[in-house]
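Computed over heavy atoms, backbone and side chain alike; hydrogens, waters and symmetry mates excluded.
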Amino acid sequence: MITNARVLQADWVPREIVHRNPEKNLLQTALQPVADGGRPEDALITGPSGAGKTCLARYSLQQIEEERLDIHTKHVDCWAASKPFRVLLELLDPVAPTHDIHRTTARDTMLSRLRDVDAPYLAVLDEADQLGDPGLLGELYSIPKLTLVLVTNDEQSLSGLFDERLRSRFRSGVHVHCDSYSLDTLVSILDRRARGALEPGAVERPQLERIADAAAGDARRAISILRRAARRAMDDEAGVIDGSHITPAIPEAAREQRQADLERLNDHQRAVYAVLANADGGAAPKAVYEEYTQRVSSPKTKRTVRDYLGKLQSYNLATATGEGPARRYHVVEIDSPEAEPAAE
DNA sequence: CGTCCACTGGAAGCCGTGGCGC
DNA sequence: GCGCCACGGCTTCCAGTGGACG
């Protein structure tokens, strides 16, 4: 059944990107000067989750790496590395020694090491809206050899990190927007993956349509469902993937994502989530806090719990409705359509 | 309609941590 | 070994906002 599992991994970058040609060309035009020794344009990639932003960015990095040997590239996931220190460490990793860098190394030291880099350096900041620090982007942009590609599904909160100077710089840069994939495109993406990963004939078009439909435009989710369905078919020793493999794979993929999101939280944040998960029809902020204090041995303050609630929302684990005293918090149900809302 | 009050989120300051220089 | 410093996580304080209620 599965001949090359790697192709079904979320971070697999295909040899050729076939469904994002205009976007791909736009980005490559912006970045091409790096390969030619010139000054590239600033680039920003926006679009909802699973729309291929990361794939597009990684692909473009690979293309430029293949053209030029004396160029550094790096892909930084700002969700995993949201603190300035972590981002700088990741950025230094391919270009400078980092063994003597520790948690308390001054930011200036790290920045000046980045400034000392002699070759062009192309870095993708994925989920750049997660960068907590508005100053960091400005500092990074002042480094001459460093070209940044910012990737975000939340343009609003990203622009909150811009000061006026950065904003005008980005207005003149290149903005690549990736819309959610249509059903047909998603089927076609799944088809290419299936051909690369599975035995010929292992899955038919109606089954791919079923998966694409459940994924609602999100390629990452679609591929995750296909991977799980293929695994089930293999365990069944079935020659082809059918509905009995796909049906359970759909909620499984959603739960897997939810589980991964929950694991990024600390114990207190998970306790707050548990409070919301237990409350039917949403919970008022006051009730959330009171219930939370019952659940943990040494509760944090209300203010901190408010930050936790904000974090749950940014992880798409919870939503808030109403303003002021009418405020209510709810968990995002994984089976509901808004489980993966198309963020602006 | 005006007042009250719950809630929000920014700002500033505290504190524990852990490497560094002396 | 000791004080220093930067940092992240947290608390404290507070101004602003908007729904609820008399």
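The nearest whole Å value for the distance from the CG atom in A:L89 to the P atom in C:dG8 is 12 Å. A:L88 places its CG atom 16 Å from the P atom of C:dA6, with the value rounded to the nearest Å. To the nearest angstrom, P of C:dC10 lies 11 Å from CG of A:D267. One atom, CZ of A:R328, and another, P of B:dA6, lie 13 Å apart when rounded to the nearest Å.
For the side-chain hydrogen bond (donor to acceptor under 3.5 Å, both in side chains) test, residues two or more places apart in sequence or in another chain that qualify with A:E65 are A:T73. Take A:A202 and apply the side chain to side chain contact (heavy atoms under 4.5 Å, CB included) test, not counting sequence neighbours, and it matches A:M1, A:L198. Shown here are the side chain to side chain contact (heavy atoms under 4.5 Å, CB included) partners of A:I64, two or more places apart in sequence or in another chain: A:L31, A:I71, A:L122. Looking at residues two or more places apart in sequence or on another chain, you find no salt bridge (Lys or Arg N to Asp or Glu O under 4.0 Å) involving A:D213. Shown here are the ring-ring contact (aromatic ring centres under 6.0 Å, His included) partners of A:Y273, two or more places apart in sequence or in another chain: there are none. Under the rule for a side chain to side chain contact (heavy atoms under 4.5 Å, CB included), the partners of A:P206 that lie at least two apart in sequence or sit in another chain are A:E204. For A:S298, there are no side-chain hydrogen bond (donor to acceptor under 3.5 Å, both in side chains) partners two or more places apart in sequence or in a different chain.
Across its full length, the helix from B:dC1-C:dG22 to B:dC22-C:dG1 shows an angle of 10° between the axes of its 5 terminal pairs at either end, rounded to 10 degrees.
Using a 4.0 Å cut-off on heavy atoms, the residues of residues 275-290 of chain A that approach DNA chain B are A:P285, A:K286, listed by number.
You'll find that the side chain of A:P325 is closest to C:dG18, out of C:dC10, C:dG18, B:dC7.
Under a 4.0 Å N-O distance rule, the pair A:K302/A:E290 does not qualify as a salt bridge. A salt bridge is defined here as a Lys NZ or Arg NE, NH1 or NH2 lying under 4.0 Å from an Asp or Glu carboxylate O, and A:R270 with A:D267 meets this definition.
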Tabulate below the donor-acceptor pairs under 3.5 Å that side-chain atoms of residues 4-13 of chain A make, not counting sequence neighbours, or state none.
| unit_1 | atom_1 | unit_2 | atom_2 | d |
| --- | --- | --- | --- | --- |
| A:N4 | OD1 | A:R6 | N | 3.3 |
| A:R6 | NH1 | A:D11 | OD1 | 3.3 |

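Sorted by first and then second residue, the side-chain hydrogen bond (donor to acceptor under 3.5 Å, both in side chains) pairs involving residues 274-288 of chain A (not counting sequence neighbours) form an empty list.
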Hey, what are the protein-to-nucleotides 11-17 of chain C N/O distances that come in under 3.5 Å?
| unit_1 | atom_1 | unit_2 | atom_2 | d |
| --- | --- | --- | --- | --- |
| C:dT11 | OP1 | A:T301 | N | 3.0 |
| C:dT11 | OP2 | A:T301 | N | 3.1 |
| C:dT11 | OP2 | A:T301 | OG1 | 2.8 |
| C:dT11 | OP2 | A:T304 | OG1 | 2.2 |

